[in-house]
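The structure appears right after this line, and notes come after that.
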Amino acid sequence: MNSRTLKRISSVRLKARSELKHEEWEQHHYYYDQNVVSCSKNQIERIDARNITREEFIEKYERPAKPVIIQHLIDDWPAFEKWTIEKLGRKYRNQRFKVGEDDDGKSVKLKMKYFLDYASNNHDDSPLYLFESSFGEHPKKKRLIDDYDVPEYFNEDLFQLVGEHRRPPYRWWCIGPQRSGTGIHIDPLGTSAWNALISGHKRWCIFPPSTPRELLKPTSSDSPKNKDEGITWFKVIYPRTQLSSWPKQYPCLEAVQYPGEVIFVPGGYWHVVLNMDLTVAVTQNFCSSVNFPTVWTRVVRSRPKMSKKFLERLKRRRPDLARLTDKIDVNDDTGPRSDTSSSSSSSSSADSSPDSTDESDTESKPTANHQRSFEKGDESVVKKIRVSEQQ
Ligand SMILES: O=C(O)CCC(=O)C(=O)O
Ligand SMILES: [Fe+2]
């Protein structure tokens, strides 16, 4: 790393992971372990988008909530030419991108030129991950939007109805150094996701929604300072999933995602990701008419203000779904869960007035580097929900 990069990285590391001392970034020597960034499993079904219509995809994969890797869905994206590391380094050289959050939940940003130097030249156990959701609102960074299109399979996007400024964050542009990743989680608000890989390789493990979180989540005793990192999961939990004693009803679906492939993660599924080499990807979460009942329940509970606006817009634009909300019991807990319930009591006291404010504004995608704030925000949301349920 060049000395300017080193200087910027030291400062960013301190802000993004204040719990780690300088030498602790490399304490496990994962850089020297090729095993964790290798994988020969291929347990997620693959399909070829050229032979499957949107309607077939919805009936065969989205409605039955089947994780699947889709080939040839994004072959015509300009991103394959535009998002090479060299071109990104030139076009966005001095633009600052989010690589984490500080202890107050504020974005920690780094210029592209420093991040790319760091990405290819660090020995960190779980490197910083560039994970940017606000590129659409930025004069220069918004050019990224021209380089891809939402695939037809996923083009129903009901949160659009509430407006760009009111809707929860929904798209992330990501550059992941080797060994960076996303710890085990379920995506927010019951939404489903697609994740399109432009370059590099991602190792995925996916588990059914019913899998108990206690089985899947590393604890502080597993790894005091790194329990939420993707690589920690692969080191600590993954080996257990491969034993004959692992419960058969919670199968681990493991696969490598190759460049050009899109993975579909249905709402409610647990997933964990490790970047096996330097990756460039874009991912979006969505609410469609298929996952609407679950998402509606989650929105009413954790974003009451937004749910009112959403219903108002649905009445005009999707009266069928607006009518459906009358039949959904938002207190019914049998539906897919979130990964929010926790025995941890680390969150500060949350007030119990779910109708006065939306509670989960802090709920976001749990990248390794902002997982802590996701947990914090989420914890308080859960507490508030529990309080409101008891009332
Ligand atoms: O690191 C990744 O590519 C996975 C991201 C993910 O699952 C998420 O953002 O919810
Ligand atoms: Fe996710």
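- Counting heavy atoms from C-beta outward, P67 and I263 have side chains that stay 4.5 Å or more apart.
- At distances below 3.5 Å, not a single donor-acceptor pair connects side-chain atoms of H165 with backbone N or O atoms of G163.
- Residues Y170 and L314 are members of separate hydrophobic clusters, defined by side-chain heavy-atom contacts under 4.5 angstrom among Ile, Leu, Val, Met, Phe, Trp and Tyr.
- Formation of a donor-acceptor pair under 3.5 Å by the D104 side chain with backbone atoms of K106 is not found in this model.
- For the pair W233 (side chain) and T182 (backbone), a donor-acceptor distance under 3.5 Å is absent.
- Here the side chains of E56 and N51 are not in contact, with every heavy-atom distance at 4.5 Å or above.
- L197 forms part of no hydrophobic cluster, judged by ILVMFWY side-chain heavy-atom separations under 4.5 Å.
- Between the side chain of H185 and the backbone N or O of D187 there is no donor-acceptor pair closer than 3.5 Å.
- Within a 6.0 Å radius of CD in E81, no more than 12 heavy atoms belonging to other residues, nucleotides or ligands are found.
- Remark: the Q249 side chain and the S210 side chain contain no N/O donor-acceptor pair separated by less than 3.5 Å.
- Between T232 and N226, the side chains place no donor N or O within less than 3.5 Å of an acceptor N or O (distance only, hydrogens not considered).
- Using a 30° and 60° split on the angle between ring planes, Y148 and W77 fall in the tilted class, from 30° to 60°.
- Remark: the backbone N or O of G267 is paired with a side-chain donor or acceptor of S192 at under 3.5 angstrom.
- Judged by distance alone, with hydrogens and angles left aside, the side-chain atoms of W194 form no donor-acceptor pair with the main-chain N or O of F154 at under 3.5 Å.
- In this structure, S288 contributes its side chain and V290 its backbone to a donor-acceptor pair below 3.5 Å.
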Could you walk me through whether R13 and D124 pass the salt bridge (Lys or Arg N to Asp or Glu O under 4.0 Å) test, one step at a time? CA-CA 11 Å; R13 275 181 179 148; D124 292 351; 2.8 Å; yes
Hey, mind stepping through W204 and Q257 against side-chain contact (heavy atoms from CB on, under 4.5 Å) and telling me if it holds? CA-CA 7 Å; W204 289 79; Q257 181 187 19; 2.9 Å; yes
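- In this view, R240 and D222 satisfy the salt bridge (Lys or Arg N to Asp or Glu O under 4.0 Å) rule, not counting sequence neighbours.
- Side-chain contact between V272 and I237 is absent, with no heavy atoms from C-beta onward closer than 4.5 Å.
- Considering OH of Y114 and CE of M1, their distance stands at 13.5 Å, rounded to 0.5 Å.
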Stepwise side-chain contact (heavy atoms from CB on, under 4.5 Å) test for V280 and I85: CA-CA 8 Å; V280 179; I85 296 300; 3.9 Å; yes
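- Between R4 and K111 there is no side-chain heavy-atom pair separated by less than 4.5 Å.
- The aromatic rings of W83 and W173 sit perpendicular to each other, their planes meeting at more than 60°, with 30° as the lower class boundary.
- Between L215 and F207, the closest side-chain pair of non-hydrogen atoms is not below 4.5 Å.
- Shown here are the side chain to side chain contact (heavy atoms under 4.5 Å, CB included) partners of H201, two or more places apart in sequence or in another chain: V256, Y258, P259, M276, D277.
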Start with the C-alpha gap between R50 and D75, add the side-chain angles, then the distance that decides, and say whether salt bridge (Lys or Arg N to Asp or Glu O under 4.0 Å) holds. CA-CA 10 Å; R50 294 172 301 185; D75 291 353; 5.2 Å; no
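- Residues E132 and S134 bring a donor and an acceptor atom of their side chains to less than 3.5 Å of each other.
- Proximity of N285 to W172: side-chain heavy atoms (C-beta onward) are separated by under 4.5 Å at one or more points.
- Atom CZ of F80 is surrounded by more than 12 heavy atoms from other residues, nucleotides or ligands within 6.0 Å.
- In this structure, Q43 contributes its side chain and A255 its backbone to no donor-acceptor pair below 3.5 Å.
- For F264 and F57, the distance between ring centers is under 6.0 angstrom.
- Within a 6.0 Å sphere centred on CZ of R143, heavy atoms belonging to other residues, nucleotides or ligands number more than 12.
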Which is it for E23 and K21 under the salt bridge (Lys or Arg N to Asp or Glu O under 4.0 Å) test, yes or no, and what are the steps along the way? CA-CA 6 Å; E23 65 280 6; K21 298 195 191 82; 5.3 Å; no
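- Checked by atom type and distance alone, the side chain of T297 pairs as donor or acceptor with a backbone atom of P293 at under 3.5 Å.
- Side-chain atoms of R8 and Y118, non-hydrogen and from C-beta on, never get closer than 4.5 Å to each other.
- For E152, the salt bridge (Lys or Arg N to Asp or Glu O under 4.0 Å) test picks out no residue, with sequence neighbours left out.
- Relative orientation of the H29 and Y32 rings is tilted, given thresholds of 30° and 60° on the angle between their planes.
- Between the CZ atom in R63 and the OH atom in Y61 there is a gap of 15.0 Å [rounded to 0.5 Å].
- The side-chain heavy atoms of P168 and M306, taken from C-beta on, include a pair separated by under 4.5 Å.
- Here the side chain of N291 pairs a donor or acceptor atom with the backbone of F286 at under 3.5 angstrom.
- Residues passing the salt bridge (Lys or Arg N to Asp or Glu O under 4.0 Å) test with K225 are E24, sequence neighbours excluded.
- Under the salt bridge (Lys or Arg N to Asp or Glu O under 4.0 Å) criterion, R46 pairs with E261, not counting sequence neighbours.
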Stepwise side-chain contact (heavy atoms from CB on, under 4.5 Å) test for R93 and K113: CA-CA 5 Å; R93 188 166 183 76; K113 59 182 173 189; 3.8 Å; yes
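- A ring-centre distance under 6.0 Å is found for Y30 and H28.
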Under the criterion side-chain contact (heavy atoms from CB on, under 4.5 Å), I'd like the reasoning laid out for L88 against I175: C-alpha separation, chi angles, the key distance, then a yes or no. CA-CA 10 Å; L88 292 171; I175 305 183; 4.2 Å; yes
Salt bridge (Lys or Arg N to Asp or Glu O under 4.0 Å) for E45 and K60? Distances and angles first, verdict last. CA-CA 12 Å; E45 186 182 345; K60 291 199 180 132; over 6 Å; no
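- V68 and I206 fall into different hydrophobic clusters, where Ile, Leu, Val, Met, Phe, Trp and Tyr are joined by side-chain heavy atoms under 4.5 Å apart, directly or via other members.
- With Y238 as the aromatic partner, R203 meets the cation-pi criteria of under 6.0 angstrom to the ring centre and within 45 degrees of the ring axis.
- The aromatic rings of Y92 and F97 stand perpendicular to each other, their planes meeting at an angle above 60°, with 30° marking the opposite boundary.
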